[in-house]
Amino acid sequence: MKYESLSLDDLFMLAKKGDVTAFEQIVINTEKALFNLALSYLRSREDAEDATQEIYLRLWRKIPDYRGGGAKVYLFKTARNICIDMLRHAASAAQQDSLSLESEGERYERDIEDSDSFSQPDKAYLRKVKKEALKKCINSLPDHSRELIILRDVQGLSYAEIGELLSIPEGTVKSRLSRARERLKELLLEEKDLF
Amino acid sequence: MEKNPSCKDIRLLADEYADGTLSAEESKYFEAHIKECAECRSYLEELLAIKKAASEYNEEIPDGLHSRIMDAVRNEIKQSGSQRRSRALRRTAISAACAAICFVIVLTVALLPFFHGSGSLETPADSYEAEGDSAAGALPGDTQMSEQENTDPMPEVTFPSMEAPKDESQPTNDPELSGSASTAKPDAVPEEDITKSEADEAPLPESAADEILTQVESEHKTPSENHTQSSDSRVENTSAPGGNEITMALLIVSGLLAVASFIAFLISLSSIRMTPENQKDNSHKEE
């Protein structure tokens, strides 16, 4: 059986019966998305790694109860709940975030200064700097706006899936997403040197 | 610059157009407008750039994360496998115990009448045999009879044919002679004895004999009447509800419980077998 060609729902149904190979294929297909989702919530690579491991452990324990339909939403809901739990339990998460932002900000400024020393800036280096700036802007958004941008523009979930995940109507998803993009655009325009 | 009312509507549709979720009709309307409106076209281009930039937000996963995830999952499988086996064993033991208890209940209920002896299953014929074996005190008529015996001893009935042969030496049935028997010959019976025996042997008047006969008949009838009364009461007992029916109901319920427990026991056994087989299959697949 070729597990690579199976859909996420089919892999879920196989893993539900105890098929470890099917479960591993689920991990292969979704680990990047879930790691970056955790990173967007927790803003720390170490915490995002721990969260990703916990997400798949909890998924393995819960998957026998899976009743079919919406495997992607099921997976993202599990991931979101774990990340929010970790945020609540981490008493010093705010301090760590501020530290990480400062460190990101410091790195960003250092990168800009370094780029000025080059007569012809390296394109790849510039791309990396732009990416760092983008991350900073997205992380600066309010939590709900950032969450919508990540789920729609980064992870590619549909309006219906986002509505089901966040338990809000589809119309609310569209209006909030429009405002989140507007705010992100304003932040990106502030980085006018790069964008 | 004031926005056109249609530009306001277009901006609302821009996000969905960028996401590819507009209907065909709405897409045509949107595309027709942005062809003519530079502002709305610019707005759409910015929106597409943001989406493209945001899509590059994803970072690569750290090295070794995938193997760490799968090692943790495999450890979880090993631990939960042993837990599931012990849980299945516990379930099997409980099911077996329940089946055994229900079986004992069924046996007890089924054998209860045999231990009880004078239970409701006793037939009328058995009761008659019991009465025959112990006729003294079981029946109400018997007590009546014993009371009569105490108060009125049954008179002895002598019939003319049963009188003792006359002795020729003895004087004839002459009252005068019976009275003066004391001066008779020395071999003669003493006067008192003679009067007694003669009185005993004297025929009873007919009315007295009839009375005695009727009394005897009535006393003979009484036991049979008692028999019918007792048989009626027995019939009433056997026809009373709750006797056999409760026993049957108990038997059925206990039997069903025993069957259900046995089925649960078989299912638990099969679940124990499934767990190691499943693990073997998985390890085979991983290889």
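Order of the sequence lines sets the chain letters (A, B, ...), proteins ahead of strands, with each chain counted from 1.
For Lys32(A), the parts lying under 4.5 angstrom from a heavy atom of chain B are both the backbone and the side chain. Within the 4.5 angstrom heavy-atom criterion, only side-chain atoms of Ile150(A), from C-beta onward, approach chain B. Only the side chain of Gln155(A) comes within contact range of chain B, with at least one heavy atom under 4.5 Å from a heavy atom of that chain. With a threshold of 4.5 angstrom between heavy atoms, Glu59(B) approaches chain A through its backbone and through its side chain. Neither the backbone nor the side chain of Ser175(A) has a heavy atom closer than 4.5 Å to any heavy atom of chain B.
For the pair Arg80(A) and Tyr41(A), the cation does not sit on the ring face, since its NZ or CZ is not both under 6.0 Å from the ring centre and inside 45° of the axis. The cationic atom of Lys62(A) (NZ for Lys, CZ for Arg) lies less than 6.0 Å from the six-membered ring centre of Tyr74(A) and within 45° of the ring axis.
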Checklist line | Test log, rule salt bridge (Lys or Arg N to Asp or Glu O under 4.0 Å), inputs Glu39(B) and Arg11(B) | finding: CA-CA 10 Å; Glu39(B) 271 192 39; Arg11(B) 301 265 169 113; 3.4 Å; yes
Checklist line | Step-by-step salt bridge (Lys or Arg N to Asp or Glu O under 4.0 Å) determination, Glu56(B) to Lys52(B) | finding: CA-CA 7 Å; Glu56(B) 293 171 6; Lys52(B) 189 172 179 294; 3.5 Å; yes
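Here the side chain of Asp9(A) pairs a donor or acceptor atom with the backbone of Ala71(A) at under 3.5 angstrom.
Per-residue heavy-atom pair counts under 4.5 Å with chain A were compared for Asn75(B), Asp19(B), Asp15(B), and the maximum is reached by Asp19(B). Your options are Ile149(A), Thr52(A), Leu39(A), Ile138(A), and the one with the most heavy-atom pairs under 4.5 Å with chain B is Ile138(A). The candidate from Thr21(B), Val73(B), Leu47(B) with the greatest count of non-hydrogen atom pairs under 4.5 Å with chain A is Val73(B). Chain B forms more heavy-atom pairs under 4.5 Å with one residue of Arg181(A), Glu54(A), Arg152(A) than with any other, namely Arg181(A).
In this structure, Arg68(B) does not pair ionically with Asp71(B), as no charged nitrogen and carboxylate oxygen lie closer than 4.0 Å. Salt bridge absent: Glu31(B) and Lys28(B) never bring a charged side-chain N and a carboxylate O closer than 4.0 Å.
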